[in-house]
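The figures here come from the full heavy-atom set of this structure, side chains too, leaving out hydrogens, waters and symmetry mates. Below, chains carry the letters A, B, ... as their sequence lines are ordered, and counting in each starts from 1.
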Amino acid sequence: DGGITQSPKYLFRKEGQNVTLSCEQNLNHDAMYWYRQDPGQGLRLIYYSQIVNDFQKGDIAEGYSVSREKKESFPLTVTSAQKNPTAFYLCASTGPTGGLYGYTFGSGTRLTVV
Amino acid sequence: EDKVVQSPLSLVVHEGDTVTLNCSYEVTNFRSLLWYKQEKKAPTFLFMLTSSGIEKKSGRLSSILDKKELSSILNITATQTGDSAIYLCAVGGAQKLVFGQGTRLTINP
């Protein structure tokens, strides 16, 4: 079945550590997105990529980095520069119509700083 | 800056009540407005509204887009405990979706 796989489901990070969240899709979608969700809040865009080897900052990119070396993969690194990384992270993708018909979402990664 | 605002942020009602959730937007190059339901993990798609499809209905849920007022409502009639969730409104602009803060709906038995 086609879909988006995010791993791990739960991740614990110590202060000062970098961690990488994985996002893989087998939908042959061109565009991929990373969102952050804090309790009681909506989704805020971190980074997005519309083609391989290209990506753009979203509204809250500071403290995060991404790469898009393959169409199927869009990993997100939460760096030590991100002061408050505890949140729920969602990866999404969409086909050639862009966001017009909505996204396919992964099941999310919950990151906690310990 | 593109903006989507939902209200109320939180709503608690009794089973069987009817609820109306609101979404207003300011987005350049509007293409579509989408409603999602999020229970525990990934949001699941409910409706998509565009200029050519301003009203949608599925069972007890319905939604209307008002392009003049730049807003949309999501109605749920005869609510059930399974309707408890966060409801997200998102607006499709030029390249990406912009999400509102979400409305947390709690249905008490």
Side-chain angles (χ1 to χ4, degrees), chain A residues 3-10 21 23 25 27 29-51 54-61 66 74 87-111, chain B residues 1-12 21-25 27-53 56 63 65 72 85-106:
Chain A
I4 297 182
T5 301
Q6 286 188 244
S7 62
K9 289 190 183 330
Y10 300 94
L21 282 59
C23 178
Q25 54 100 357
L27 300 164
H29 282 172
D30 291 307
M32 297 185 73
Y33 307 81
W34 274 105
Y35 285 90
R36 169 182 171 141
Q37 187 176 32
D38 293 284
Q41 296 193 29
L43 277 60
R44 292 185 291 167
L45 183 63
I46 304 172
Y47 268 99
Y48 65 105
S49 167
Q50 296 191 304
I51 55 172
D54 187 45
F55 47 82
Q56 287 78 41
K57 292 181 179 180
D59 301 316
I60 55 166
V66 293
F74 191 41
F88 186 56
Y89 291 86
L90 279 164
C91 179
S93 70
T94 188
T97 58
L100 176 63
Y101 297 113
Y103 295 166
T104 300
F105 284 95
S107 56
T109 293
R110 192 167 297 279
L111 174 62
Chain B
E1 182 183 337
D2 294 342
K3 192 175 180 181
V4 177
V5 177
Q6 293 186 242
S7 65
L9 296 182
S10 179
L11 185 59
V12 181
L21 311 183
N22 301 285
C23 175
S24 63
Y25 61 90
V27 173
T28 55
N29 299 317
F30 172 89
R31 300 172 72 190
S32 59
L33 186 145
L34 299 100
W35 285 97
Y36 288 89
K37 178 182 182 182
Q38 185 181 25
E39 293 181 81
K40 291 196 175 168
K41 294 188 176 176
T44 53
F45 173 79
L46 292 176
F47 296 119
M48 184 185 75
L49 303 160
T50 65
S51 299
S52 58
K56 294 285 176 71
S63 183
L65 174 67
S72 175
I86 295 174
Y87 289 83
L88 296 167
C89 173
V91 176
Q95 294 178 323
K96 58 188 185 296
L97 291 181
V98 180
F99 284 83
Q101 321 95 301
T103 293
R104 181 179 290 276
L105 177 63
T106 302

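Between chain B and the residues Ser107(A), Ala92(A), Gly58(A), Cys91(A), the most heavy-atom pairs under 4.5 angstrom are made by Ser107(A).
The two residues Pro43(B) and Leu90(A) make their nearest non-hydrogen contact at CD-CD1, 3.7 Å.
Atoms OH and CG, on Tyr35(A) and Leu97(B) in that order, are 5.0 Å from each other to the nearest 0.5 Å. Gln38(B) contributes atom CD, which lies 8.0 Å from atom CZ of Phe105(A) (distance to the nearest 0.5 angstrom).
Proximity to chain B (any heavy atom under 4.5 Å) is shown, for Leu43(A), by both the backbone and the side chain. For a residue to count as touching a neighbouring chain, one of its non-hydrogen atoms must lie under 4.5 Å from one of that chain's; by this rule Gln37(A) touches chain B with the side chain only.
The environment of Arg104(B) atom CZ is sparse: at most 12 non-hydrogen atoms of other residues, nucleotides or ligands sit within 6.0 angstrom.
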